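Note sheet for the following structure.
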Protein chains: 2
Amino acid sequence: MKPEKQERIINAAMKEFVKSGFEKASTNEIVKDAQISKGSLFNYFSNKKDLYLFLIQNALNIIEQIYVEIDMNERDIFERISQVGFIKLNIQKKYPLVFDFLKSLIEEDAKDVKSEINQLLANVQKDGFKRIYENIDWSKLREDIEPEKAMNILNWAMTGFAELQIAKIKSFEDIGTEMFNEWDEYKEILKSCFYKNGE
Amino acid sequence: MKPEKQERIINAAMKEFVKSGFEKASTNEIVKDAQISKGSLFNYFSNKKDLYLFLIQNALNIIEQIYVEIDMNERDIFERISQVGFIKLNIQKKYPLVFDFLKSLIEEDAKDVKSEINQLLANVQKDGFKRIYENIDWSKLREDIEPEKAMNILNWAMTGFAELQIAKIKSFEDIGTEMFNEWDEYKEILKSCFYKNGE
DNA sequence: ATGAAATTGACCACTTTGGTCATCTTTCTG
DNA sequence: CAGAAAGATGACCAAAGTGGTCAATTTCAT
C-alpha cells in the first residue's frame, strides 16, 4: 500500500474516532474522508475493531518516537522543553490528531474495546513527564521553588502556548519563525522567574 | 417543571451533545440519562434543535453570571484569578459540562445549527479574558514583563492546575481545602516571579 | 494478451434515529 | 370525593444509517 494512502486512511480514521468515539464512529465516514472504497478498508482491516487497535498501536509508536529524538545530553530545562515542542510540532504536521486520539482513549468506554485499550495503555509509561524531563539540571533553579511545581508551570505554559498557536493558524503550512520568536519571549520571562539571578 | 428535573435534563443533554456533537447526539440517550420519557422531552422542546439552542442560551447565561459575580474592586491580579477560579468551580458543581459544551460549539459544524450558533456566539465578548481582567492594577508587575504575557502565563497555570484537580478527583463532593492550599503555593511562586521584589 | 492483485460500490440484514400520540397518572379545583 | 386539566409515558413508525460482504471491474507487471 502506498504510504501516502495509508496516511490518508490513518488520519481519516483518527478524525472520525476522535469525533465520535469507537461505537458511533462510522466506517462510511472514514472511507469517504480517506477517499477509498468500503471494500478497500475492509481488505486492509478485518473489521472496525481491528482498525481501531491498529490506530492505537500506531499512535503509541509515534509517541515513542518523541523519546528517542530527545537529546538527553541537553540538561537545561528550557532547551529541553523547546526541543520537545519542536518534535511534537513535526509530528502534528503529519498526524494532526495523534495527541487528541490518544487523549480520547482514556475516556473511551465501549465494552468491545475497553479491555484491549487498557492492555495497550498499561505498557505506556504512566508519567510521560518524568521521561521527558530525565537528566535535567535542576540546580539552576531558584532554591525556594519545588522542581515539580516549576515543571508543572512550565508544562502548562508550553501547552497553553501551543494550543493558542494551533488555534491561531489551523494550518501547519505556515508555522514560520514568528512563532518561535514569540515562544522565546515567554521562555525569557519564565527563565527570569525560575532561574537564580543571573543565569 | 421542577428545577431539579430541569437540571437533570440540561446536564444529560449537554453530556450527550458534548460527547457526540449535534447530529449524532441521541435523544434516546438523553432521556435515558435524564430519567424522563421520550414524550416528556418533546413536550418541553419541540425538537432536537430547539433543545440544543436552549442549551446554548442557558450556557451563555451561566457564563455571564461569572462577570456579575466578580468583585471588580479587587485590583490584585492573583486575588482576581483566585476569585474567578472559585466562581467557576461553583458553576461546575451544578453544571459539570457547561464549559466543555461551550467549547464544543466552536467545532460544531452541522448545517442544521451552524448559522444559529454563529449568531448566538457573535454577541458573546470575543476575549473573555479582557473582561475578567478589567481594572487590574498592573503597576505591581515587574516592568520588564508585558502584562499580556503575564496574563497568559497566569491563565495557563490556572487552567492547567484546574484540569489537574478535576482529573484527580472526578467528583466534586470532596473539593476540600487542600486544593486551595496547593493553589496558594503556586500563587506564591508566581507572585514571586511576576511582582516587583518585596510586594 | 494474460493472470493476479487491488479496488469498487451496490447490497444486505439489522439497529437506531427523531418524533408522535393514544393512553395512563398525578394534581388541582370545587 | 368527582371530574377536569395537565403531565408523563413508551410502544410505535418511517426513514436513515450501521458494519460488513462479494461479484464485478480496474490496474498493472509480465
Side-chain angles (χ1 to χ4, degrees), chain A residues 1-56 58 101 104-105 108-117, chain B residues 1-56 58 101 104-105 108-117:
Chain A
M1 181 173 14
K2 294 260 167 67
E4 173 261 342
K5 186 193 226 174
Q6 191 182 38
E7 225 168 273
R8 241 168 42 221
I9 296 176
I10 289 174
N11 281 328
M14 285 203 296
K15 187 162 145 194
E16 180 67 10
F17 282 121
V18 167
K19 189 180 147 214
S20 307
F22 176 74
E23 281 197 306
K24 293 200 178 187
S26 162
T27 52
N28 291 324
E29 286 296 317
I30 293 171
V31 299
K32 202 194 295 173
D33 194 25
Q35 292 168 269
I36 58 164
S37 70
K38 196 85 163 285
S40 256
L41 182 67
F42 284 96
N43 256 7
Y44 305 136
F45 307 95
S46 55
N47 53 43
K48 190 161 99 164
K49 184 172 169 178
D50 207 44
L51 165 61
Y52 192 64
L53 297 180
F54 167 81
L55 286 180
I56 298 178
N58 180 254
F101 179 68
S104 78
L105 296 180
E108 181 60 64
D109 61 347
K111 52 211 159 308
D112 298 30
V113 292
K114 182 102 181 163
S115 71
E116 280 90 343
I117 289 179
Chain B
M1 181 173 13
K2 294 263 165 68
E4 172 260 341
K5 186 191 222 173
Q6 192 183 36
E7 226 167 89
R8 241 167 42 222
I9 296 175
I10 289 174
N11 281 328
M14 285 202 295
K15 188 164 146 192
E16 180 67 12
F17 281 122
V18 167
K19 189 181 148 213
S20 308
F22 176 74
E23 279 197 307
K24 293 201 179 187
S26 161
T27 52
N28 293 325
E29 286 296 317
I30 293 172
V31 299
K32 202 195 294 173
D33 195 25
Q35 292 167 270
I36 58 163
S37 70
K38 196 85 165 284
S40 257
L41 182 67
F42 283 97
N43 256 7
Y44 304 137
F45 306 95
S46 55
N47 51 45
K48 190 161 100 163
K49 183 171 171 178
D50 207 44
L51 165 61
Y52 192 65
L53 296 180
F54 167 81
L55 287 180
I56 298 178
N58 181 255
F101 179 69
S104 78
L105 295 181
E108 180 60 64
D109 61 348
K111 50 211 159 308
D112 298 31
V113 291
K114 183 102 181 165
S115 72
E116 280 89 346
I117 289 178

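Every value quoted in this text rests on a predicted model; they were computed, and no experiment measured them. The analysis underlying the following values was restricted to heavy atoms, covering all of them including side chains, and did not include hydrogens, waters or symmetry mates. Below, chains carry the letters A, B, ... as their sequence lines are ordered, and counting in each starts from 1.
- Taking atom CG of residue B:Asn47 and atom P of nucleotide D:dA15, one finds them 19 Å apart after rounding to whole Å.
- Note on B:Lys5: only backbone sugar-phosphate atoms sit closer than 4.0 angstrom, heavy atoms only; bases stay farther off.
- Taking CD1 from A:Ile10 and CG from A:Asn58, the interatomic distance works out to 4.0 Å, rounded to the nearest 0.5 Å.
- At a threshold of 4.0 Å, the pair B:Glu23-B:Lys111 counts as salt-bridged, since one of the basic side-chain nitrogens sits closer than that to a carboxylate oxygen.
- Within the 3.5 Å criterion, the main-chain N or O of B:Ala110 finds a donor-acceptor partner in the side chain of B:Glu108.
- In this structure, B:Lys48 satisfies the cation-pi test against B:Phe22, with its NZ or CZ atom closer than 6.0 Å to the six-membered ring centre and inside 45 degrees of the ring normal.
- Between the NZ atom of A:Lys48 and the P atom of D:dT18 there is a distance of 9 Å, given to the nearest Å.
- In terms of phosphate contacts, A:Tyr44 brings no side-chain nitrogen or oxygen within less than 4.0 Å of OP1 or OP2 of C:dA6.
- Between A:Lys32 atom NZ and C:dA10 atom P there is a gap of 14 Å when expressed in whole angstrom units.
- Under 4.0 angstrom from either OP1 or OP2 of C:dT17 there lies at least one side-chain N or O belonging to B:Asn28.
- Here B:Ser37 does not reach the OP1 or OP2 of D:dA8: none of its side-chain N or O atoms lies under 4.0 Å away.
- Residue A:Lys2 contributes atom NZ, which lies 11 Å from atom C1' of D:dC28 at whole-angstrom precision.
- Between C:dT7 and A:Asn43, no contact under 4.0 Å exists linking OP1 or OP2 to a side-chain N or O.
- Rounding to whole angstrom units, CG of residue B:Leu41 and C1' of D:dG7 are separated by 14 Å.
- For A:Glu23 and D:dG17, the CD to C1' distance is 15 Å, given to the nearest whole Å.
- Salt bridge status for B:Glu116 with B:Lys49: present, with a side-chain N to carboxylate O gap under 4.0 Å.
- Between A:Ser26 and A:Ser46, the one whose closest nucleotide on DNA chain D sits nearer the 5' end is A:Ser26.
- Remark: the A:Lys38 side chain and the D:dG20 base include a donor-acceptor N/O pair separated by less than 3.5 Å.
- Remark: C1' of C:dT16 and CD1 of B:Ile30 are 14 Å apart, rounded to the nearest angstrom.
- Side-chain proximity of B:Ser40 to the nucleotides D:dT9, C:dT8, D:dG19 is greatest for D:dT9.
- Residue A:Gln35 is the one, among A:Gln35 and B:Lys24, whose nearest nucleotide of DNA chain C lies closer to the 5' end (criterion: closest heavy atom).
- Regarding B:Phe17, its CZ atom lies at a distance of 11 Å from the C1' atom of C:dG18, rounded to whole Å.
- At the phosphate of D:dG19, OP1 or OP2 sits under 4.0 Å from a side-chain N or O atom of A:Thr27.
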